[in-house]
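Each chain gets a letter, A, B and so on, in the order the sequences are listed, and its residues count up from 1. Quick caveat, the model's predicted, so the values are computed rather than measured.
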Protein chains: 2
Amino acid sequence: MSSTIYDIAREAEVSIATVSRVFNNSSSVTRKTREKVLAVAENLGYHPRALAQSLARKKTKIITVIVPVISNYFFMEVLAGMQDKIADYDYDLQIFNVKIADDLLNQADHIMKRGWGEGYVVISVHLADSEWELLDKYNVPVVLIDEYYPGFDTISVDSIEGAYTATSHLIEQGYTSIGMICAKPDSKPIIDRRLGYRRAMEDAGLLVDPGLIVTGDDMERDGFTENNGYQAMTKLIQNKQPPQACFCASDIQALGAIKAMRDNNVKIPVIGFDDLEFSEYVGLSTMRQPMYEMGALAIEKMVKRLEEKQSDITHTVFSPDLVLRTSSPDFAGITKTKDKPVTS
Amino acid sequence: MSSTIYDIAREAEVSIATVSRVFNNSSSVTRKTREKVLAVAENLGYHPRALAQSLARKKTKIITVIVPVISNYFFMEVLAGMQDKIADYDYDLQIFNVKIADDLLNQADHIMKRGWGEGYVVISVHLADSEWELLDKYNVPVVLIDEYYPGFDTISVDSIEGAYTATSHLIEQGYTSIGMICAKPDSKPIIDRRLGYRRAMEDAGLLVDPGLIVTGDDMERDGFTENNGYQAMTKLIQNKQPPQACFCASDIQALGAIKAMRDNNVKIPVIGFDDLEFSEYVGLSTMRQPMYEMGALAIEKMVKRLEEKQSDITHTVFSPDLVLRTSSPDFAGITKTKDKPVTS
DNA sequence: CTGAAAGCGCTTACAG
DNA sequence: CTGAAAGCGCTTACAG
């Protein structure tokens, strides 16, 4: 149907090598032959098949992004950062979605096995070390965002620090009884955020009441749902001694928590974690993750690894920013920016 | 580095043809040889390169989705529908993002030219007929979502009907002076929505006051921004005769309109168009587009076109649903579902 | 500056 | 049931 390099070569009365050179801006081709080839190509609507080029070059010039379909605004922001950054390089960005519900490892494996990308950026996919190890065997560059595994470059946000900052802020406001709404208890982000919460309480000499650390019963999506937050806040409210303020492990849960408060006619300050799109609209105070920057950095790391033979594996941890809105007491509309990211 | 079909053939003492057959579940291979090949492959960590397979088969088994990066929730929902549907077929979904700001035609062209996909689903990209025509020359299946071009399969929502429904609803509530907030005046969706608005007014015997059809001054993203909506509503409010209710061409603008009302201490019923993620959270009434269904249908159409040689081009138009929330008067939390989509 | 030829890693009639 | 061989559409030393 569409023409190949042979058609052009024949028409332009040159060899296919020359046609190839023209399309690769290669070294030396006479202006005259170049123009002739280009004219014929234009005429026949020819353009090199990336597929064939990739096979011959043994390079696809593609960076593949693997991302769970549900990951909403966080993902869009990260992707925007990746997209803007990749414009600086000679790579295309290709995205594959995985379904969070199904077996993530298998899906990632399926994608990587096909080998379209020269490298893979995996966003918000959480696997066990032993599972990452399996993917590591493909011996292909991988950059993880929002996850940690020693064998790959990773980019994440310091959950411990974020939780510490949020909780400390509430403490500074004068609250002494502070609750925390968690999601899946043994997931990495939750473990860390719980730890940061605890530390902030302890550093302030406050009692950590296990009864005020709750999660909802609905564990779909590891508990990172509005419903879970609603249930959790309901528990807190029904507590014999409800907290005076609350730190939520995620914005989506904070949203549910706010609804629960509204339905129960109570109102205590709440701070979430993420800064999703709707957070601004509902006035939710939160710990913001620098999503755009994370995406851009992922590309930088990936390209570096692709182009330079042996660069060391790096783990970058960003500090989340406290964004104050109306859901927490001293609303002033300001963003407290924390220090620079730390790369180790 | 990683092994090829030749390595396996050598180790297993068979021809590469046989190895190929094993991995294609092809017809007849002795159980014994099959097992031997599989064992060797497993041992060497072999798996066929999709790239090479695609070249040899002249089929990539990939459907490429082209989508503007900013298209938020609408896109996520559409994609979810596509993803769920494609599971029924032997194709992979690959996504390329385009930047809405830059030259869309060039970007789409760049992507299609490379030829990764066997077909392209293009979401929310708006080009002139003459531009679509250029892409048509690639002679490759294209399905358009949220756009119309005679030469491709298309899936869209009836903007005229949606605007008519929204406006009529406001009229039924008893309002006689109804404003409309538009975006880029000469874009297809705006032209249609303005038309639907007008018709509803006229059918109800109401006066269409051109002074109540406004848009903001900020025309970034064709005016589909919060800021534009804010400016537009401000204009309406400052009108000598402000409207009693307002239909907004998009949810994002409706959001800005609501903020403008809040800042000016006025409150009139508002209905948007889209049903974005935040719409529910802010209680915005709106015309909902059946995003998930549109995505699923796009895949169906694409596969059909890919597998069956000559199927006729079809244009499917969905009717948007009126979703009533607190931003419009008679909030009842119900969804009025309209009739089935029409395929022509 | 340009061509002939080998090679990228597979698939698939065609024989046997 | 299996192998030899041609072919998919390019790139890239190697000569000249």
Side-chain angles (χ1 to χ4, degrees), chain A residues 1-38 40-41 44-62 90 112-118 138-140, chain B residues 1-38 40-41 44-62 90 112-118 138-140:
Chain A
M1 181 155 306
S2 69
S3 49
T4 74
I5 203 172
Y6 288 94
D7 302 319
I8 310 305
R10 192 183 332 106
E11 287 289 316
E13 296 175 303
V14 294
S15 72
I16 59 164
T18 297
V19 177
S20 174
R21 286 191 188 101
V22 168
F23 277 93
N24 288 293
N25 302 310
S26 162
S27 50
S28 43
V29 181
T30 318
R31 208 183 119 103
K32 207 178 140 192
T33 53
R34 148 171 273 107
E35 278 169 1
K36 179 159 192 184
V37 167
L38 250 19
V40 174
L44 272 64
Y46 169 80
H47 43 87
R49 248 74 120 203
L51 206 64
Q53 293 182 309
S54 297
L55 184 60
R57 289 180 183 144
K58 306 194 74 171
K59 287 188 182 184
T60 61
K61 283 296 174 184
I62 285 185
D90 182 28
M112 291 181 63
K113 183 175 291 180
R114 308 212 74 208
W116 293 116
E118 289 184 48
Y138 285 124
N139 212 5
V140 109
Chain B
M1 180 154 308
S2 68
S3 49
T4 74
I5 203 172
Y6 288 94
D7 302 319
I8 309 305
R10 193 183 329 107
E11 286 289 315
E13 296 173 303
V14 294
S15 74
I16 60 164
T18 298
V19 177
S20 174
R21 286 192 188 101
V22 168
F23 278 91
N24 289 293
N25 303 309
S26 161
S27 50
S28 44
V29 181
T30 318
R31 207 183 120 105
K32 208 178 140 191
T33 52
R34 149 170 274 107
E35 277 168 1
K36 181 160 191 183
V37 168
L38 251 20
V40 173
L44 272 62
Y46 170 81
H47 43 87
R49 247 73 120 204
L51 207 62
Q53 292 183 310
S54 297
L55 184 60
R57 290 179 183 145
K58 308 193 73 173
K59 287 190 181 182
T60 61
K61 283 297 173 183
I62 285 185
D90 182 29
M112 291 181 63
K113 183 175 288 178
R114 308 212 75 208
W116 292 117
E118 288 185 47
Y138 284 125
N139 212 3
V140 109

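- Contact between the side-chain N/O atoms of B:S54 and the OP1/OP2 oxygens of D:dC8 is not found at any separation under 4.0 Å.
- B:I16 approaches B:I5 most closely through the heavy-atom pair O-CD1, 3.5 Å.
- Spacing between atom OH of B:Y46 and atom P of C:dG9 amounts to 10 Å, rounded to whole angstrom units.
- Side-chain atoms of A:R21 come within donor-acceptor range of the base of C:dG3, with a qualifying N/O pair under 3.5 Å.
- Residue B:T60 comes nearest to A:W116 through the heavy atom pair O-CZ2, 4.2 Å, listed as atom of the first residue, atom of the second, then distance.
- C:dG9 atom C1' lies 15 Å from atom CG of B:L44, rounded to whole Å.
- Contact check, A:S20 against D:dT11: a side-chain N or O comes under 4.0 Å of OP1 or OP2.
- For B:R57, taking side-chain heavy atoms from C-beta onward, the closest of the listed nucleotides C:dT12, C:dG3, D:dT11 is C:dT12.
- Separating the CG atom of B:N24 from the P atom of C:dT12 is a distance of 6 Å, rounded to the nearest angstrom.
- Taking all atoms of both residues into account, the shortest heavy-atom contact from B:P48 to B:Q53 is CB-NE2, 3.3 Å.
- Pairing of D:dG3, defined by two Watson-Crick or G-U wobble distances under 3.5 Å, is identified with C:dC14.
- Taking only side-chain nitrogens and oxygens, A:T4 never comes nearer than 4.0 Å to OP1 or OP2 of D:dG9.
- The NZ atom of A:K32 sits 13 Å away from the C1' atom of C:dC1 (whole-angstrom rounding).
- In this structure, B:I16 atom CD1 and C:dC10 atom P are separated by 9 Å, rounded to whole Å.
- With the nearest nucleotide of DNA chain D identified for both A:Q53 and B:A17, B:A17 has the one nearer the 5' end.
- Of the candidates B:L38, B:V14, B:V40, B:V22 forms a side-chain contact (heavy atoms from CB on, under 4.5 Å) with just one, namely B:L38.
- Here the P atom of nucleotide D:dG3 and the CZ atom of B:R10 are 15 Å apart, to the nearest Å.
- Atoms CG (B:L51) and P (D:dG9) sit 14 Å apart, rounded to a whole Å.
- Where B:V14 and A:Y6 each meet DNA chain D at their nearest nucleotide, the meeting point lying more 5' is that of B:V14.
- Regarding A:K58, its NZ atom lies at a distance of 18 Å from the P atom of C:dA6, rounded to whole Å.
- Considering only side-chain N and O atoms, B:T30 lies under 4.0 angstrom from the phosphate OP1 or OP2 of D:dT2.
- Between the CG atom of A:L51 and the NZ atom of B:K58 there is a distance of 11.0 Å, given to the nearest 0.5 Å.
- For B:T18, the side-chain atoms get nearest to D:dG3 when compared with the rest of C:dC8, D:dG3, D:dG7.
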